Student: 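One structure, as structure tokens, below. Some questions next.
All values below were derived from every heavy atom in this structure, side-chain atoms included, with hydrogens, water molecules and symmetry-related copies excluded. Note that the coordinates shown come from a computational prediction; the quantities given were computed from them, not determined experimentally. Within every chain, numbering begins at 1; the chains are lettered A, B, ... in the order of the sequence lines, protein sequences first and strands thereafter.
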Protein chains: 2
Amino acid sequence: MEATDTREALLDAAESLFAEHGVQAASLRAITQQAQANLAAVHYHFGSKEALVRAVFSRRVGPLNQERLRQLDECERTDGGVEEVLSAFIEPLLRVARQTPEGTRHFARLMGRSFSEPNEEVRTIVMEEFAPTIRRFVEALARRLPHLPESEVLWRFHFAAGAMAHTIACGHLLERYSEGLCRPGSLEDAQDHLVTFLAAGLRAPALSNHDRGEGA
Amino acid sequence: MEATDTREALLDAAESLFAEHGVQAASLRAITQQAQANLAAVHYHFGSKEALVRAVFSRRVGPLNQERLRQLDECERTDGGVEEVLSAFIEPLLRVARQTPEGTRHFARLMGRSFSEPNEEVRTIVMEEFAPTIRRFVEALARRLPHLPESEVLWRFHFAAGAMAHTIACGHLLERYSEGLCRPGSLEDAQDHLVTFLAAGLRAPALSNHDRGEGA
DNA sequence: GTCTATATAGCGATAGAC
DNA sequence: GTCTATCGCTATATAGAC
């Protein structure tokens, strides 16, 4: 009965400490201490630290991308535009960051950093879990941006993902540089600003065109 | 006479291994081995690993931002537009990534990841070294985007920085997801795509406006 | 300045009692 | 399932010969 409790506590503690100090720097001793569990519990429940890392990411990434695809389906059904497609990608992550009492907020920071995580295991998980989702979003955007060659859509979605990851992971920078003028902690604000910015970027004329300076 | 050679070799090796495995995961043993130096050399030349980390970043960040400000001055003199201001921010980093025979290419990846680096020392250095540069670029952009409140310019510059950092640090993702269609290794291409995308995003109507869908 | 040798501490992992 | 105790290893850091 304590079993799942301990398991969940370990996942929560690991998530929180991975987000704060990085995967490599968070020791099993620190994790088990924060989870009020024994050091050996990690190996009993997961087998190794690498397996724990995998479990921490797997627990969230699947549902996250599932929700994204659900919102994308809804968006296709209601014939939503570029803004709605972007929101379908962004909102689930911000929602996850917003809702849960503890742990999940940390996961948002962790996810924001996961693309550039040096740990190979993490990079592999993220890359493979995201591939089908990204493909579907790029297709949806390409259909709404017929003036762009596919490579251009891919470039621009890449930039959009970067802006999003940075916003989630590095809000402290904006808070500091804006001297309190922007409140990146308010994720609703962040989403509105992001969608406006990214939609305009996506709608820019194609690079190969020689005209410049107006949206679609 | 060997002194500066060893020192430089240590900085190059550290830069390269920090970029590849992260600051925490790169051991002094691996660094000194790659530099063909003795393990104790790090402590003789720098005093500690933390001091080495500081030296690795300091060596590049100052000149990088100096070049950015030089290009921004030039841009002001020639009355350049939003695109030119963005190029003044982006080009120096890509140039650094492009030119030097060894080491500096790694620094670009390291810099791209530095904003979200868990290591506190690194975050502090980056934040303080970048503050004056960012302030000047935000001012320059604000003057060219009079339809935007200052907070909006700050938000959008934040997004732009994220897209740039992601492009530098995570080119492998685009390479993978585009199945070879995009070549993020070509940094000239990356810059052209980035500037077009970001300029359009910056020119988007202000959030508070209720009209939508066209650039400035 | 460079080297060997070593101090000290923390890491992930495991065996085995309960 | 949980605990203690410990193994084997690697980390950073340092002392002292050359």
Side-chain angles (χ1 to χ4, degrees), chain A residues 1-59 110 117-125, chain B residues 1-59 103 110 113 117-125:
Chain A
M1 191 109 207
E2 274 273 78
T4 58
D5 287 2
T6 299
R7 217 187 113 92
E8 288 299 308
L10 287 171
L11 287 170
D12 289 341
E15 186 169 276
S16 146
L17 289 169
F18 289 168
E20 194 171 355
H21 303 112
V23 169
Q24 165 85 18
S27 72
L28 295 186
R29 283 172 167 82
I31 291 165
T32 49
Q33 188 179 347
Q34 177 163 320
Q36 293 181 284
N38 188 276
L39 173 60
V42 168
H43 296 93
Y44 175 80
H45 287 284
F46 300 97
S48 70
K49 182 177 178 178
E50 273 304 296
L52 171 64
V53 172
R54 247 178 283 128
V56 165
F57 278 83
S58 299
R59 178 171 65 148
L110 189 58
E117 172 64 49
N119 182 294
E120 198 166 332
E121 188 92 19
V122 173
R123 255 194 332 236
T124 305
I125 291 173
Chain B
M1 192 110 204
E2 274 272 78
T4 57
D5 286 3
T6 299
R7 215 188 115 93
E8 288 299 307
L10 287 171
L11 286 170
D12 289 341
E15 187 170 274
S16 148
L17 290 168
F18 289 169
E20 194 172 356
H21 303 113
V23 169
Q24 167 83 18
S27 72
L28 295 185
R29 280 176 165 81
I31 291 165
T32 49
Q33 188 179 348
Q34 177 161 321
Q36 293 182 286
N38 187 275
L39 174 60
V42 169
H43 296 92
Y44 175 78
H45 286 284
F46 300 97
S48 71
K49 182 176 178 179
E50 271 305 295
L52 172 64
V53 172
R54 246 177 285 130
V56 165
F57 278 84
S58 299
R59 178 171 67 148
L110 188 59
R113 214 160 52 198
E117 172 65 48
N119 182 296
E120 198 167 331
E121 189 92 21
V122 173
R123 254 194 332 238
T124 304
I125 290 172

Student: Quickly work out the Leu10(A) CG to dC3(D) P distance and round it to whole Å.
Tutor: 11 Å

Student: Looking at residues at least two apart in the chain, or sitting in another chain, which of them share a side chain to side chain contact (heavy atoms under 4.5 Å, CB included) with Arg29(B)?
Tutor: Ser27(B), Leu39(B)

Student: Has Asn38(A) got a side-chain N or O lying under 4.0 Å from the OP1 or OP2 atom of dT4(D)?
Tutor: yes

Student: Determine yes or no for a side-chain-to-main-chain donor-acceptor pair under 3.5 angstrom, with Lys49(A) supplying the side chain and Val42(A) the backbone.
Tutor: no

Student: Restricting to side chain to side chain contact (heavy atoms under 4.5 Å, CB included), what partner residues turn up for Ala41(A), sequence neighbours left out?
Tutor: Thr6(A), Leu10(A), Ala37(A), His45(A)

Student: Closest nucleotide of DNA chain C for Tyr44(B) versus for Lys49(A): which of these residues is on the 5' side?
Tutor: Tyr44(B)

Student: Choosing from dG12(C), dT2(D), dA13(D), which nucleotide comes nearest the side chain of His43(A)?
Tutor: dG12(C)

Student: Taking the side chain of Ala40(B) as its heavy atoms from C-beta onward, which of dT4(C), dG1(D), dG12(C) lies nearest to it?
Tutor: dT4(C)

Student: Using whole Å, what does the distance between atom P of nucleotide dC3(D) and atom CG of Leu39(A) come to?
Tutor: 11 Å

Student: Taking for each residue the nucleotide of DNA chain C with the nearest heavy atom, is it Glu50(A) or Ala37(B) whose nucleotide lies nearer the 5' end?
Tutor: Ala37(B)

Student: Checking Glu121(B) now: which residues fulfil side-chain hydrogen bond (donor to acceptor under 3.5 Å, both in side chains) with it, not counting sequence neighbours?
Tutor: Arg54(B)

Student: Where along residues 23-36 of chain A does a heavy atom come under 4.0 Å from DNA chain D, residue by residue in number order?
Tutor: none

Student: Grab the CD-C1' distance between Glu8(A) and dG1(D) for me, whole Å please.
Tutor: 16 Å

Student: Run the side-chain hydrogen bond (donor to acceptor under 3.5 Å, both in side chains) test against Gln33(B) and tell me which residues pass, sequence neighbours left out.
Tutor: none

Student: Would you indicate, yes or no, if dT2(D) has its OP1 or OP2 atom less than 4.0 angstrom from a side-chain nitrogen or oxygen of Thr6(A)?
Tutor: yes

Student: Just the rounded figure in Å: distance from P of dT2(C) to CZ of Phe46(B).
Tutor: 11 Å

Student: Could I get the full list of salt bridge (charged side-chain N to carboxylate O under 4.0 Å, His left out) partners for Glu20(A), not counting sequence neighbours?
Tutor: none

